[in-house]
Colleague: 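Below is the structure I would like to discuss, written out as structure tokens.
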2 protein chains.
Amino acid sequence: MPRGGARLGAGRPKGQGKYREPTKPIRIPESLLGEVIELISTEGYSLPLYSCAVQAGFPSPADDHIEGKLDLNKYLIKHPTATFFVRAAGDSMVNAGIHSGDILVVDRSIEAKHGKIVIAAVDGQLTVKRLHKSKKDTYLMPENNDFEPIKFEEDNEVIIWGVVTNVLHQV
Amino acid sequence: MPRGGARLGAGRPKGQGKYREPTKPIRIPESLLGEVIELISTEGYSLPLYSCAVQAGFPSPADDHIEGKLDLNKYLIKHPTATFFVRAAGDSMVNAGIHSGDILVVDRSIEAKHGKIVIAAVDGQLTVKRLHKSKKDTYLMPENNDFEPIKFEEDNEVIIWGVVTNVLHQV
DNA sequence: ACTTTTGAATATTGTACGATATTCTAATCA
DNA sequence: TGATTAGAATATCGTACAATATTCAAAAGT
């Protein structure tokens with residue numbers, strides 16, 4: 001014996017699925033499957049960015065300071081194929097805000113101009129220094145008085161790997 | 001007139017596709033489509049991490065310092081749903097390595113214990129300070145002699161938003 | 001009149017499948 | 001004999017579709 005019948009408004013409502021929104025099937029390389037699944041299960045890594053700036057009116061702690069959403073990878077990595085990280089060691093650059101153990105974001109595609117902080121391999125040893133170019137010479141300058149500048153010479157092999165764009169410091 | 005015929009080794013070889021590896025179709029929420037497409041087109045954000053540590057033997061600049069692969073989001077964000085960012089303003093924490101304009105990674109799920117650097121809303125104004133708890137009182141301590149500690153009082157409304165885990169500094 | 005039952009209606013989801021792309025070799029041609 | 005070509009073989013890719021999940025309200029029951 002039939003129950004129900006034709007009627008309006010029946011059926012499963014929209015937005016009741018796992019993600020509360022429509023989905024589209026796309027193909028993912030197997031090596032990235034894990035990363036992608038993690039990304040969608042955390043609903044993306046775009047997290048809110050707040051500002052310390054003074055607000056007019058009567059601020060509520062929840063909403064008034066919001067500056068937008070931020071994805072760390074996009075913010076820190078402008079050239080994914082030319083970027084790598086270096087873990088800093090030593091205190092030669094503390095005055096530039098680089099402490100031992102910090103992770104440095106390094107971009108190979110940025111030109112190593114005078115004044116930039118660079119990662120260089122000096123005789124096979126990695127080091128972080130500020131590049132100082134004068135008309136005559138080029139130096140790798142530490143930013144800590146306890147350390148000595150390194151001069152580019154013929155006999156020491158200096159290779160500049162890239163320019164430091166950001167420092168990630170653990171508090 | 002037929003040409004070709006049964007034979008071994010015919011057909012398109014494996015690994016000739018867009019991603020040089022097998023793929024699987026999975027469903028992606030539409031709001032994350034862009035992020036996912038960007039992720040797979042850049043082959044992921046896991047970039048190499050090198051170390052400054054001294055190597056034995058004769059190091060080659062390319063390989064010897066490698067420490068592994070690093071995904072910034074995974075490295076910096078332990079609790080995606082409890083994490084947000086704050087752009088620091090002012091110099092009250094320079095001695096803790098926090099400069100004006102730095103992005104702070106803040107985790108709400110970490111307990112704000114004595115000694116931790118926290119984000120607090122003091123009378124509706126966001127501020128970064130080190131939490132100092134004694135038996136009697138609780139203070140928000142700046143890490144710069146030019147600033148004064150803030151005492152937790154009845155009359156000023158202090159809400160601790162979360163604990164700072166990392167500082168992202170632009171050089 | 002209220003509760004319960006049942007099938008209709010529709011969104012969602014994983015994956016099977018057709019269409020396409022690519023490469024290889026035997027047959028044909030010069 | 002070497003170059004060319006047509007078809008065979010197989011991987012790849014987007015998406016259509018079957019199966020599932022979920023909700024709604026008319027009909028039946030109490």
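Residue numbers start from 1 in every chain, and the chains themselves are labelled A, B, ... in the order their sequence lines are given, proteins ahead of strands. The figures here come from the full heavy-atom set of this structure, side chains too, leaving out hydrogens, waters and symmetry mates.
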Colleague: Could you tell me whether K78(A) atom NZ has more than 12 heavy atoms of other residues or ligands within 6.0 Å of it?
Modeller: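 Count over threshold, so yes.
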Colleague: Reading nucleotides 11-17 of chain C from the 5' end, what letters show protein touch, with B for base, S for backbone sugar-phosphate only, - for no heavy atom under 4.0 Å?
Modeller: BSBBBB-
Colleague: How about E43(A): does its CD atom have over 12 heavy atoms from other parts shown lying under 6.0 Å from it?
Modeller: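 Open: at most 12 neighbouring heavy atoms sit under 6.0 Å from CD of E43(A).
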Colleague: With axes from five pairs an end, tell me the bend angle of the helix from dA1(C)-dT30(D) to dA30(C)-dT1(D), nearest 10°.
Modeller: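 Rounded to the nearest 10 degrees, the bend comes out at 30°.
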Colleague: Looking at K116(A), I want to see if its NZ is surrounded by more than 12 non-hydrogen atoms of other residues, nucleotides or ligands under 6.0 Å.
Modeller: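 It does not: K116(A) NZ has 12 such atoms or fewer within range.
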Colleague: How long is the gap from CG on N144(A) to CE on M93(A), to the nearest 0.5 Å?
Modeller: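 The distance works out to 9.5 Å.
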Colleague: Side chains of L39(B) and Y45(B): closer than 4.5 Å at any heavy-atom pair?
Modeller: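 Yes, side chains in contact.
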Colleague: Does any residue of residues 33-40 of chain A have a heavy atom under 4.0 Å from DNA chain C, and if so, which ones, in number order?
Modeller: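 Correct list: empty, so none.
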Colleague: Going by side-chain hydrogen bond (donor to acceptor under 3.5 Å, both in side chains), name the residues that satisfy it together with Y139(B), two or more places apart in sequence or in a different chain.
Modeller: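 Per chain and number, Y139(B) pairs via side-chain hydrogen bond (donor to acceptor under 3.5 Å, both in side chains) with no residue.
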Colleague: Aromatic ring centroids of H169(A) and H169(B) under 6.0 Å?
Modeller: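 Judged by ring-centre distance (under 6.0 Å), H169(A) and H169(B) do not meet the cut-off.
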Colleague: Does some side-chain heavy atom of L47(B) sit less than 4.5 Å from a side-chain heavy atom of L72(B)?
Modeller: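 Answer no - side chains too far apart.
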Colleague: Applying side-chain hydrogen bond (donor to acceptor under 3.5 Å, both in side chains), name anything that partners H79(A), two or more places apart in sequence or on another chain.
Modeller: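 For H79(A) the side-chain hydrogen bond (donor to acceptor under 3.5 Å, both in side chains) partners, ignoring immediate neighbours, are D107(A), S109(A).
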Colleague: For T127(A), give me all partners under side-chain hydrogen bond (donor to acceptor under 3.5 Å, both in side chains), at least two apart in sequence or on another chain.
Modeller: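 So T127(A) forms a side-chain hydrogen bond (donor to acceptor under 3.5 Å, both in side chains) with K129(A).
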